[in-house]
Amino acid sequence: MAVQRPKGTQDHLPDGSPKLSRDSQASAFAHVQDTARRVLERSGAQFIATPLFEEAELVKRGVGGSTDIVRKEMFTVYYFGDHGGYVLRPEGTAGIVRAYLQNGLKQLPSPLKLWTHGPMFRAENVQKGRLRQFHQVDYEVLGSTDALVDAEAIWLMWEVVRELGLTGVRVKLGSIGDPADREAYNAYLRDLFGTHVDRLSDDSRDRLERNPMRILDSKSAGDQALIQELGVRPMLDFLGEEARAHFGVVQGYLTAWDIPFDLDPSIVRGLDYYRRTAWELHHEGVGAKSALGGGGRYDGLAAQLGGPEVPGIGWAFGIERLLLALEAEGVALPQMPGPLLYLAAMDEENVGLAARLALEGRSRGRVEFAYRAMKPGNAFREADRRRALSAAVIGSDEAARGVLNIKTLGTGEAREVPLSELTTFLDDLSRQAGEQA
Ligand code: HAM
């Protein structure tokens, strides 16, 4: 058998590919990215790209030592040398905050809005929507603690979803408070679960030591049953005055802007850097346990990485999960449009002329040509397969007279176009196609 792609990865394939069931269509993938780009750039977010691998230390300090990501899911990159090791980035936030600190981005107008997209890597147990290499669109704002920034971040996520045409999305909103609030909550949880250690899973026993809040996020059925039975109080009950007031303002804006949300009093999130506002977007097409996207505030992260205090907030969508949701809702996604014109030559002497005309025509849009001479019937069939809007076959007679006999494939109508008017013809075709789209 030929070599297969690694488990937990996907190919993103061209339109019309025969086996799309476990993969995605690259044009749909690009449509999601483009939609996010449009929405984010309108808000003033600037693109940033950071390396796909980072120091292991960055991820450990940033994402946090008590998370599944750091404890079980890191792809470590081995290489020669005395070094703590690199990891393939499991998420974008830690790298972006590192880049902000390292490159003095504090000097740019604040708050600074950044966005990126790209592959992320987590050695997960693979299932529907849970991959080892997946892609995120990521938005980050650095330099403000203002609750209005939180509300705008959630609004932007909602706007991406709306522009994509998804309707079945729920926002689950919570707050995980300030560090002192979390400490109080963790002390409560340590006491509560401490008397039932024997019933906790091995992982959760370990979490009890490191970060008891993580027990609430456990995937073990036994742990979840215990959580239900004990009637664990939610994090929201433990919010201090400031975090509570901040959270109230965020909710006030969202309500005023008609963004529907459900309060989720026990939201945990899978990363340690969060403070205060935290949320997830969910969709039935992705499955109850998996989020379409999520985010939160991370005011302590910059200092955790060794920099000054810089407040931050952000979110990320999983592109593959957005595609699952779009598929579940049956939203029609645009394919890459076919060429305006497909050009072929009837004989070898005119192949070069067809190519030159096509290359010139590309100043007006997509134009393709045949690399070998073709019979007209074959050329029109080929044009059809490529979903070309029009096609022409050049013979010596057309070449001598300086014209093209162009057939519009939708109507079958043919028209003689002087070569000097080819660009005008292509412009008209492009305009008509735009009007019909
Ligand atoms: P996260 O919740 O770990 O947050 O991931 C965000 C999104 O990435 C998830 O909601 C999901 O759509 C997608 N995702 C995560 N893991 C997988 C996977 N194994 N397979 C497929 N998709 C996946 C973060 O990564 C934070 N950095 C978000 C953030 C930015 N917070 C503040 N700024």
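One-based numbering along the sequence shown. In listed order, ligands and their atoms are each counted from 1. Note: hydrogens, waters and symmetry copies are ignored here, and every other heavy atom, side chains too, is used.
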Checklist entry - What are the atoms of ligand 1, with element, lying closer than 4.0 Å to any heavy atom of Gly129? => result 20 (N), 21 (C), 22 (N)
Item to check | From the candidates Glu124, His282, Arg122, the one that places a heavy atom nearest atom 15 (C) of ligand 1 | outcome: Arg122
Next on the checklist: Is the contact between Ile69 and ligand 1 made by the side chain, the backbone, both, or neither, using heavy atoms and a 4.0 Å cut-off?
Outcome noted: neither
Item to check | Region of Trp279 engaging ligand 1 - heavy atom pairs below 4.0 Å | outcome: neither
Checklist entry - Of the options Arg244, Arg276, Arg275, which is the one that meets Asp178 in a salt bridge (Lys or Arg N to Asp or Glu O under 4.0 Å)? => result Arg276
Next on the checklist: Between ligand 1 and His135, can you find any atom pair, the residue atom being a heavy atom, that is separated by under 4.0 Å?
Outcome noted: no
Item to check | Polar atom proximity, Ala291 to ligand 1 (N or O, under 3.5 Å) | outcome: yes
Item to check | Protein heavy atom at shortest distance from atom 28 (C) of ligand 1 | outcome: Tyr274 OH, 3.4 Å
Next on the checklist: Tell me the contacting part of Leu271 for ligand 1: side chain, backbone, both, or neither, using a 4.0 Å heavy-atom threshold, strictly below.
Outcome noted: side chain
Checklist outcome for this item: Within the 4.0 Å heavy-atom cut-off, what Trp315 brings close to ligand 1 is backbone
Item to check | Per-atom contacts, ligand 1 versus Gln136 - under 4.0 Å to a heavy atom | outcome: 5 (O), 6 (C), 7 (C), 8 (O), 24 (C), 25 (O)
Checklist outcome for this item: Contact region, Met120 to ligand 1, non-hydrogen atoms below 4.0 Å, reads neither
Checklist entry - Looking only at heavy atoms, is any part of Glu280 under 4.0 Å from ligand 1, and if so is it the side chain, the backbone, or both, or is it neither? => result neither
Item to check | Spacing of CG belonging to Leu426 relative to CD belonging to Glu360, to within rounding of 0.5 Å | outcome: 11.0 Å
Next on the checklist: I need the single residue from Trp315, Trp115, Phe317 that forms a ring-ring contact (aromatic ring centres under 6.0 Å, His included) with Tyr139. Which is it?
Outcome noted: Trp315
Item to check | Interatomic spacing from CD in Glu140 to CG in Leu301 - rounded to 0.5 Å | outcome: 9.0 Å
Checklist entry - For atom 11 (C) of ligand 1, which of Arg89, Arg269, Arg321, Arg130 has the closest heavy atom? => result Arg321
Checklist entry - Does ligand 1 have an atom that lies less than 4.0 angstrom from a heavy atom of Glu320? => result no
Next on the checklist: Does any N or O of ligand 1 fall below 3.5 Å from an N or O anywhere on Gly318, backbone included?
Outcome noted: yes
Checklist entry - Looking at Asp272, Asp68, Asp223, Asp203, which one forms a salt bridge (Lys or Arg N to Asp or Glu O under 4.0 Å) with Arg214? => result Asp272
Checklist entry - Does Gly293 reach ligand 1, in the sense of a heavy atom lying below 4.0 Å from it? => result yes
Item to check | Pairwise side-chain contact, Pro308 with Leu101, heavy-atom cut-off 4.5 Å (strictly under) | outcome: yes
